[in-house]
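These notes concern the structure reproduced below.
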Amino acid sequence: MGKQKKAKKYAVMKRRISLKDQRIKEKDRIVTQKKKNDPSAIKETEVPKVPSCMFFQYNTNLGPPYYILVDTNFINFSIKAKLDLVQSMMDCLYAKCVPCITDCVMAELEKLGQRYRVALRIAKDPTFERLPCSHSGTYADDCLVQRVTQHKCYIVATVDRELKRRIRKIPGVPIMYISNHRYNIERMPDDYGAPRF
């Protein structure tokens, strides 16, 4: 009878003694000491910087003409609801509105292909202001959140629940959405034309 071959074990590491083990010499051993909290020490806490335009959660940067960042699905749902984008925005806010489209939203519309060609044609309209993007990637949601965090002079128009949830965490940024075949706005104190529920 021959010697039986053992199957080689894969991804098995050699066991090592930890540097805190009692068997290691004292000079080589790592000793962990708990830091005692000094009650008389001054506690340092970081407070997030609040932009100067925010006054009691009211954004003073917002005012007519309103600059509205438009998301991809907002254009699609407006077409489905047969709403004229600029006219419906003016009906909602009772002021001049300038719809803005970032390069990421434009790229997303182009990626959607032939089915959304009407939305792309609307987005290429000269009444829409084009905003160039300097970041890498073409994910529109991240782009809109980043832009709104930096400059709090925009209203975000979207139907996307996830994006709405992310924008609600940023103070002083109103959200425009579609409900009952008309535009509505939330988190804006002087939204005169928005329907009351």
Would R147 and T102 satisfy side chain to side chain contact (heavy atoms under 4.5 Å, CB included), going step by step from the backbone distance to the final call?
CA-CA 10 Å; R147 194 171 285 273; T102 60; 3.6 Å; yes
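- Applying the side chain to side chain contact (heavy atoms under 4.5 Å, CB included) test to P132 and every residue at least two apart in sequence or in another chain returns D103.
- Remark: side-chain polar atoms of R187 are not paired, donor with acceptor, to backbone N or O of I175 under 3.5 angstrom.
- Across all their heavy atoms, D71 and V105 have their closest contact at C-CG1, 4.1 Å.
- Separation of atoms CG (L69) and CD1 (I167) is listed at 8.5 Å; rounding is to 0.5 Å.
- I178 CD1 to N180 CG: the interatomic distance, rounded to the nearest 0.5 Å, is 11.5 Å.
- Atom CD of Q146 and atom NE2 of H151 lie 8.5 Å apart (nearest 0.5 Å).
- Y139 and V145 fall into different hydrophobic clusters, where Ile, Leu, Val, Met, Phe, Trp and Tyr side chains are chained together by heavy-atom contacts under 4.5 Å.
- Here the CG-SG distance, from L62 to C153, works out to 7.5 Å after rounding to the nearest 0.5 Å.
- In this structure, A119 and L109 approach most closely via the heavy-atom pair CB-CD2, 3.8 Å.
- One distance of note links CZ of R168 with CD of E186; it measures 4.5 Å at 0.5 Å rounding.
- For the pair E108 and A140, the tightest heavy-atom approach, listed with the atom from each and the gap, is OE2-CB, 3.4 Å.
- Shown are D142, D141, T149, T158; of these, the side chain to side chain donor-acceptor pair (under 3.5 Å) with R166 is made only by D142.
- Looking only at side-chain heavy atoms (C-beta outward), P64 and K96 stay at 4.5 Å or farther from each other.
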Which donor-acceptor pairs under 3.5 Å do side chains of residues 73-84 form with protein atoms, sequence neighbours excluded?
from : atom 1 : to   : atom 2 : distance (Å)
N73  : OD1    : V159 : N      : 3.4
S78  : OG     : F74  : O      : 2.7
S78  : OG     : Y183 : OH     : 2.6

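- Contact detail for E110 and L120: the closest heavy-atom pair is CG-CD1, 3.7 Å.
- Checked against Y67 for a side-chain contact (heavy atoms from CB on, under 4.5 Å), the options L131, I155, V98 give a single hit: V98.
- No chain of hydrophobic side-chain contacts below 4.5 Å, direct or via other Ile, Leu, Val, Met, Phe, Trp or Tyr residues, connects V86 to V118.
- Taking each heavy atom of A123 and F128 in turn, the nearest pair found is O-CB, 3.8 Å.
- For H135 against C104, the heavy-atom pair with the smallest separation is CE1-SG, 3.2 Å.
- Pairs engaging residues 116-125 under the side-chain hydrogen bond (donor to acceptor under 3.5 Å, both in side chains) rule: D125-T127 [sequence neighbours left out].
- Rounding to the nearest 0.5 Å gives a distance of 5.5 Å between SG of C97 and CE of M176.
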